[in-house]
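In what follows, a structure is listed as structure tokens, so that the remarks can point back to it.
The analysis underlying the following values was restricted to heavy atoms, covering all of them including side chains, and did not include hydrogens, waters or symmetry mates.
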Number of protein chains: 2
Amino acid sequence: MAGPTLRDVAKLANVSIRTVSNVVNGYAPVSAELRARVQVALDQLDYRPNLIARNLKQGRTGMIALAVPELDVPYFAELAREVIKAAHAHGYVVMIDQTDGAADRERELLGRDSRATMFDGLLLSPLSISADELRARGNSVPIVLLGEHIFNGSFPHVAIDNVAAAREATAHLLELGRRRVAAIGDQPYATGETAQLRTAGFRQAHARAGLDVRDELIVSTPHFHRRLGAEAMERLLALPEPPDAVLCYNDLLALGAIRALTRAGRRVPDDVAVVGVDDIEEGQYSTPSLTTVAPDKVGIARRAVDTLLESIRGELGTPPEIVVPHRLIVRESTVGERAVGEGTVGEGAAGDSAAGEAAAAR
Amino acid sequence: MAGPTLRDVAKLANVSIRTVSNVVNGYAPVSAELRARVQVALDQLDYRPNLIARNLKQGRTGMIALAVPELDVPYFAELAREVIKAAHAHGYVVMIDQTDGAADRERELLGRDSRATMFDGLLLSPLSISADELRARGNSVPIVLLGEHIFNGSFPHVAIDNVAAAREATAHLLELGRRRVAAIGDQPYATGETAQLRTAGFRQAHARAGLDVRDELIVSTPHFHRRLGAEAMERLLALPEPPDAVLCYNDLLALGAIRALTRAGRRVPDDVAVVGVDDIEEGQYSTPSLTTVAPDKVGIARRAVDTLLESIRGELGTPPEIVVPHRLIVRESTVGERAVGEGTVGEGAAGDSAAGEAAAAR
DNA sequence: TGAGGGCTCTGCAACGATGCAGACATAATG
DNA sequence: CATTATGTCTGCATCGTTGCAGAGCCCTCA
């Protein structure tokens with residue numbers, strides 16, 4: 001089962017182990033003649049370097065881990081795809097772990113018996129673990145956090161400006177003349193920081209338009225899945241005065257909401273306009289197609305990987321807070337058939353303004 | 001950066017390295033007193049075993065690789081999720097690679113400089129690489145193939161009975177009275193074996209119903225993406241006699257087709273009924289919801305991982321051809337609002353019959 | 001009392017690769 | 001021609017861990 005080693009090749013070619021290693025790696029100067037002889041032996045035995053041994057010697061593995069809650073949530077799948085590509089570009093491969101958003105699964109990643117020592121670094125999309133706990137445990141491996149939580153400077157962190165994203169999406173609905181705008185996806189508890197930022201943006205948009213937010217139109221959901229979006233929408237439709245528009249905190253909630261609306265015989269967007277966040281591919285092909293806030297996923301993946309590699313190389317000073325641009329993509333679920341093809345609003349500008357306005361967000 | 005080693009702990013606790021190792025692993029008998037002293041030192045230094053060194057010594061890594069074409073294709077994301085879970089249950093972790101269906105990316109996995117030596121085994125979902133080539137190269141690592149291609153016995157292989165799946169889906173459309181049934185997704189070339197099996201099933205269903213297949217209604221697509229499904233549907237609608245039903249070879253094609261239909265003002269299923277394959281979650285929430293053939297993804301993942309681990313342990317004789325059950329799930333895209341909730345047809349029976357009828361399929 | 005046995009604990013070698021320093025032969029230099 | 005520089009090649013030590021064999025020690029039993 002075990003393949004040939006340098007020793008085997010050396011014996012066959014009648015040279016030292018070290019010379020074979022030099023040929024394999026193209027290191028020290030080796031005469032053409034000898035190189036050829038070694039090469040023949042390499043080919044004959046079909047030698048493949050044992051990377052584990054190489055790693056042990058070099059102290060690094062060329063692998064990073066990516067921990068996401070659920071790989072079959074399209075946003076994470078699309079993000080994982082980009083992370084793998086970005087890592088590849090730097091010669092790294094990616095091990096993927098699923099935490100299911102469970103705190104103890106997230107803890108396991110950092111625990112004593114984890115495989116953390118097999119990886120040069122960890123990209124973590126934390127859902128349940130708290131900042132303090134992560135700080136207390138996460139001292140063994142370079143870590144970069146993705147998109148969730150506020151860890152006030154303890155770890156490098158890559159995300160969009162969630163307040164601005166929600167504010168712009170809400171403003172879009174208000175500009176269309178909608179006046180009973182609901183929000184689906186709030187999470188008013190410790191580990192729901194991202195959701196709370198989006199709620200803040202939702203309120204900001206109302207405030208700037210001089211409108212009041214009706215609290216009964218803000219619906220909490222423990223997760224961001226299609227089913228919960230549908231259920232939340234059904235609850236909203238049961239209100240005495242149902243909404244005429246909904247901001248959903250991600251696209252899955254939005255698609256679930258649309259499903260509930262069409263099932264209930266409501267037209268989207270005529271009766272109720274719907275906007276999501278994430279820009280998953282599914283939203284381009286749904287009926288109606290989905291207006292959404294598109295985070296720059298490629299940018300998130302690249303910046304996260306770059307930052308992690310810097311951290312691995314020890315080049316990182318103060319953990320950076322990296323804000324990645326986003327933009328509102330207007331499709332049928334808010335403007336109907338008018339949305340010809342890929343209508344885009346605020347491209348570039350939205351992203352640029354985001355960083356600046358983030359400071360203003362309380 | 002580098003953590004403490006057994007040597008550091010041994011020095012602190014004033015014992016031999018070997019004894020520390022014994023404590024960590026709970027191996028040889030160690031007196032309670034000494035064990036306690038070592039434990040204190042372990043805790044104090046926050047020792048974590050270097051898994052790379054352990055792996056080098058033991059000759060295995062506890063990691064398997066999963067290579068899929070695209071992680072953001074929902075079917076592969078859902079499958080990856082189950083594979084990760086199944087591997088976890090056996091104490092293995094999963095490294096994920098994306099090949100983009102490119103032959104040279106698939107070759108890379110097996111090539112001399114690949115990281116294959118870092119993994120105990122490889123689960124491969126091959127799209128482009130040919131059987132011969134795989135056989136010629138794939139001798140270094142235990143391999144199990146997923147769902148694609150026929151490799152006539154060279155490698156263990158896990159898949160559904162594609163002929164039966166397509167036949168049952170087509171039969172469902174015919175039983176609804178549709179008489180101009182189209183197929184989207186054929187791939188009449190070397191690496192399109194799976195698609196060809198589905199086309200065979202499509203033809204079988206017609207034959208059994210005593211109907212002719214109209215070849216102009218079979219549309220080829222190089223990939224199974226939403227956009228191609230939409231484009232294929234548009235081409236079908238442009239025919240002098242457009243179809244009244246479509247079998248799409250996966251759900252993404254089907255969702256693209258539905259999108260094209262609604263855009264063109266056709267009603268689904270009234271004007272055209274649509275059925276897919278894969279049962280991705282998206283199809284439950286689309287409008288209309290999608291009738292589809294559901295492969296037993298959990299079963300595929302489990303059987304594949306189990307088989308791979310057997311192969312790693314050297315317990316595998318002749319490479320098995322494993323057929324996993326499937327079932328037709330009827331939703332709105334074929335029967336309209338009649339589909340209450342999760343209407344299911346042929347559950348179990350379909351799966352059972354699948355294996356038996358596979359033999360009959362030429 | 002002394003041989004045998006069980007229980008703890010230890011040191012050495014090894015997994016397969018690479019870093020380093022040096023050996024040896026040849027070429028360049030004064 | 002002696003000396004230094006240059007170019008090839010090699011052996012040893014090492015990464016951090018575990019397998020193996022054996023060293024002490026205390027206890028038991030004839």
### Query
Would a distance-only check, ignoring hydrogens and angles, find a side-chain to backbone donor-acceptor pair under 3.5 Å from Q98(B) to L71(B)?
yes

### Message
For nucleotides 21-26 of chain C, give me one character per nucleotide, 5' to 3': B if any protein heavy atom sits under 4.0 Å from the base, S if the only such contacts are to the sugar-phosphate, - if neither.
### Response
------

### Task
Keeping to residues at least two apart or across chains, list the salt bridge (Lys or Arg N to Asp or Glu O under 4.0 Å) pairs with something in residues 20-36 of chain A.
none

### Task
Kindly write out the residues that satisfy side-chain hydrogen bond (donor to acceptor under 3.5 Å, both in side chains) with E78(B), not counting sequence neighbours, or none if the list is empty.
K297(B)

### Query
Can you list the residues that meet the side-chain hydrogen bond (donor to acceptor under 3.5 Å, both in side chains) rule with T19(B), with sequence neighbours excluded?
S16(B)

### Summary
Those residues at least two apart in sequence (or on a different chain) that pass salt bridge (charged side-chain N to carboxylate O under 4.0 Å, His left out) with E315(B) are R313(B)

### Message
Filter on side chain to side chain donor-acceptor pair (under 3.5 Å), then keep only pairs touching residues 55-64 of chain B, sequence neighbours left out; what's left?
### Response
T61(B)-D120(B)

### Task
Report yes if at least one side-chain N or O of T19(A) is closer than 4.0 Å to OP1 or OP2 of dT10(D); otherwise report no.
yes

### Summary
Partner of R302(B) under side chain to side chain contact (heavy atoms under 4.5 Å, CB included), picked from V298(B), V305(B), I300(B), is V298(B)

### Task
Indicate for each nucleotide in nucleotides 14-20 of chain D, in 5' to 3' sequence, whether protein heavy atoms under 4.0 Å reach the base (B), only the sugar-phosphate (S), or nothing (-).
BBBBBBB

Hey, what are the protein-to-nucleotides 22-24 of chain D N/O distances that come in under 3.5 Å?
none

### Message
If we ignore hydrogens and angles and just use 3.5 Å, is the side chain of T117(B) paired with the main-chain N or O of P49(A) as donor and acceptor?
### Response
yes

## Note on the structure
Quick note, salt bridge (Lys or Arg N to Asp or Glu O under 4.0 Å) partners involving residues 14-24 of chain A, not counting sequence neighbours, are none

#### Entry: Contact summary for Y92(B) and I312(B), nearest pair of heavy atoms
OH-CG2, 4.3 Å

### Message
Filter on salt bridge (Lys or Arg N to Asp or Glu O under 4.0 Å), then keep only pairs touching residues 84-100 of chain A, sequence neighbours left out; what's left?
### Response
D97(A)-R105(A), D100(A)-R105(A), D100(A)-R81(B)

### Message
Using five base pairs at each end to define the local axes, how bent is the helix from dT1(C)-dA30(D) to dG30(C)-dC1(D), to the nearest 10°?
### Response
60°

### Query
Expressed in angstrom and rounded to an integer, what is the separation of E33(B) atom CD from dC26(D) atom P?
14 Å

### Task
For D43(B), check side-chain hydrogen bond (donor to acceptor under 3.5 Å, both in side chains) against everything at least two apart and list the hits.
R112(A), Q39(B)

### Phosphate OP1/OP2 of dG7(D): any S31(A) side-chain N/O under 4.0 Å
no

### Message
Go through it in stages, so that I can follow the logic: the residues are H225(B) and E70(B), the test is side-chain hydrogen bond (donor to acceptor under 3.5 Å, both in side chains), and I'd like the CA-CA distance, side-chain angles, deciding distance and then a yes or no.
### Response
CA-CA 11 Å; H225(B) 287 178; E70(B) 290 165 288; 2.9 Å; yes

